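Each remark here refers to the structure printed beneath this line.
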Amino acid sequence: PETSVVFLSLLCINFHEFGNNMENWEQHLESLIQGSEAVCIIFPSAVAHCLRYQVMEQIQLCVDHMVPCYMASPRGVLACSAPLMGGAWEHGRFDAAIARALVVARWADLDDGHGEEEVKRRALGLVQGTTTGLAGFAARATRLAAGPVLRDAAC
């Protein structure tokens, strides 16, 4: 079986500390990402919890500040903005259902079930303010998730 030894120094963000006061969240998140060596977004096994505007915002901030970003599912890790050590873009087997959701997502119309219009406004504004805009973000998500989707289709 494939095994790896990974040493992590974790800084977790407790969203509950902010409660309804998201006033300073954007600046707080951006400064955390700027000060990080890398960001790993850990997805649960439930696909419904993966497509959220907070995830979109975090990925875009990582790209903007050239901070390596990784997405982890229960069985694998997918590199988003810089390859893993050794040059690979995937370690283990990233969840194909999550990858498929990333490929078919309508990023402008996500219904994350949380009704967080402020987060949606910030995330979409951040992405649409780039040179490639929302289409570029969707293309990047599709390119990154294509490997696990194609591997799953071949099995």
Side-chain angles (χ1 to χ4, degrees), residues 1-15 29-30 32-34 36-155:
E2 189 174 299
T3 60
S4 298
V5 176
V6 179
F7 295 96
L8 297 173
S9 174
L10 295 177
L11 170 63
C12 295
I13 301 170
N14 184 352
F15 293 102
L29 177 62
E30 190 164 4
L32 281 174
I33 288 175
Q34 281 179 315
S36 298
E37 291 182 34
V39 171
C40 183
I41 300 168
I42 302 172
F43 292 124
S45 57
V47 175
H49 299 293
C50 300
L51 296 179
R52 299 186 60 188
Y53 286 109
Q54 289 174 337
V55 170
M56 179 187 216
E57 181 179 30
Q58 291 170 26
I59 292 171
Q60 188 60 49
L61 283 170
C62 287
V63 170
D64 290 351
H65 295 293
M66 296 186 296
V67 173
C69 179
Y70 307 98
M71 294 185 291
S73 71
R75 294 181 175 245
V77 177
L78 196 60
C80 296
S81 55
L84 299 161
M85 296 214 30
W89 286 85
E90 183 181 18
H91 178 75
R93 293 177 80 85
F94 188 78
D95 188 299
I98 295 172
R100 198 172 298 105
L102 292 168
V103 169
V104 301
R106 290 193 214 159
W107 293 99
D109 302 319
L110 291 182
D111 179 17
D112 65 8
H114 292 87
E116 296 174 346
E117 289 300 315
E118 179 62 21
V119 177
K120 177 180 179 177
R121 183 195 60 74
R122 273 198 330 266
L124 288 174
L126 193 63
V127 170
Q128 290 169 340
T130 65
T131 56
T132 58
L134 197 55
F137 185 88
R140 183 182 309 115
T142 299
R143 179 180 50 81
L144 294 169
V149 171
L150 292 172
R151 182 185 57 242
D152 185 59
C155 293

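Side chains are part of it too, since the values below use all heavy atoms of this structure and drop only hydrogens, waters and symmetry mates. These numbers were taken from a predicted model, which means no experiment stands behind them.
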field: Side-chain donor/acceptor of Tyr53 to backbone N/O of Leu124, under 3.5 Å
entry: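 Flag not set: sc Tyr53 to bb Leu124 has no pair under 3.5 Å.
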
query: Side chain of Thr130, backbone of Gly133: donor and acceptor closer than 3.5 Å?
result: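 Pair found, side chain donor or acceptor close to backbone of Gly133.
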
Verdict with reasoning, Val55 to Phe43, per side chain to side chain contact (heavy atoms under 4.5 Å, CB included): CA-CA 10 Å; Val55 170; Phe43 292 124; 4.0 Å; yes

task: Would you list the pairs meeting side-chain hydrogen bond (donor to acceptor under 3.5 Å, both in side chains) in which at least one residue belongs to residues 146-155, sequence neighbours left out?
output: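 For residues 146-155, and leaving out neighbouring residues, the side-chain hydrogen bond (donor to acceptor under 3.5 Å, both in side chains) pairs sorted by first residue read Glu90-Arg151, Arg100-Asp152.
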
- request: Kindly state each residue pair satisfying side-chain hydrogen bond (donor to acceptor under 3.5 Å, both in side chains) with at least one member in residues 62-73, sequence neighbours excluded.
  value: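 Residue pairs passing side-chain hydrogen bond (donor to acceptor under 3.5 Å, both in side chains), neighbours aside: Glu30-His65, Gln34-His65, Gln60-Asp64.
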
How close do [X] and [Y] get, counting heavy atoms only, and between which atoms?
X	Y	value
Ser81	Val63	CB-CG2, 4.5 Å
Ala108	Leu134	CB-CD2, 3.4 Å
Ala38	Val67	CA-CG1, 3.8 Å
Ala72	Cys40	CB-SG, 3.8 Å
Ala99	Pro148	CB-CB, 3.8 Å
Asp95	Ala97	OD1-N, 2.8 Å

Residue pair [X] / [Y], side-chain heavy-atom distance below 4.5 Å:
X	Y	answer
Leu144	Leu102	no
Ile59	Met71	yes
Val119	Glu57	yes

- request: Show your working on side chain to side chain contact (heavy atoms under 4.5 Å, CB included) between Met56 and Leu51 and close with a plain yes or no.
  value: CA-CA 8 Å; Met56 179 187 216; Leu51 296 179; over 6 Å; no

task: Mind checking the CD-CD1 spacing from Gln58 to Ile41? Nearest 0.5 Å is all I need.
output: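 So the gap between those two atoms works out to 4.5 Å.
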
field: Ile33 CD1 to Cys69 SG distance, which is reported to the nearest 0.5 Å
entry: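 That separation rounds to 7.5 Å.
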
- request: Return the set of residues passing ring-ring contact (aromatic ring centres under 6.0 Å, His included) with Phe94 (not counting sequence neighbours), or none when no residue passes.
  value: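 So Phe94 forms no ring-ring contact (aromatic ring centres under 6.0 Å, His included) with any residue.
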
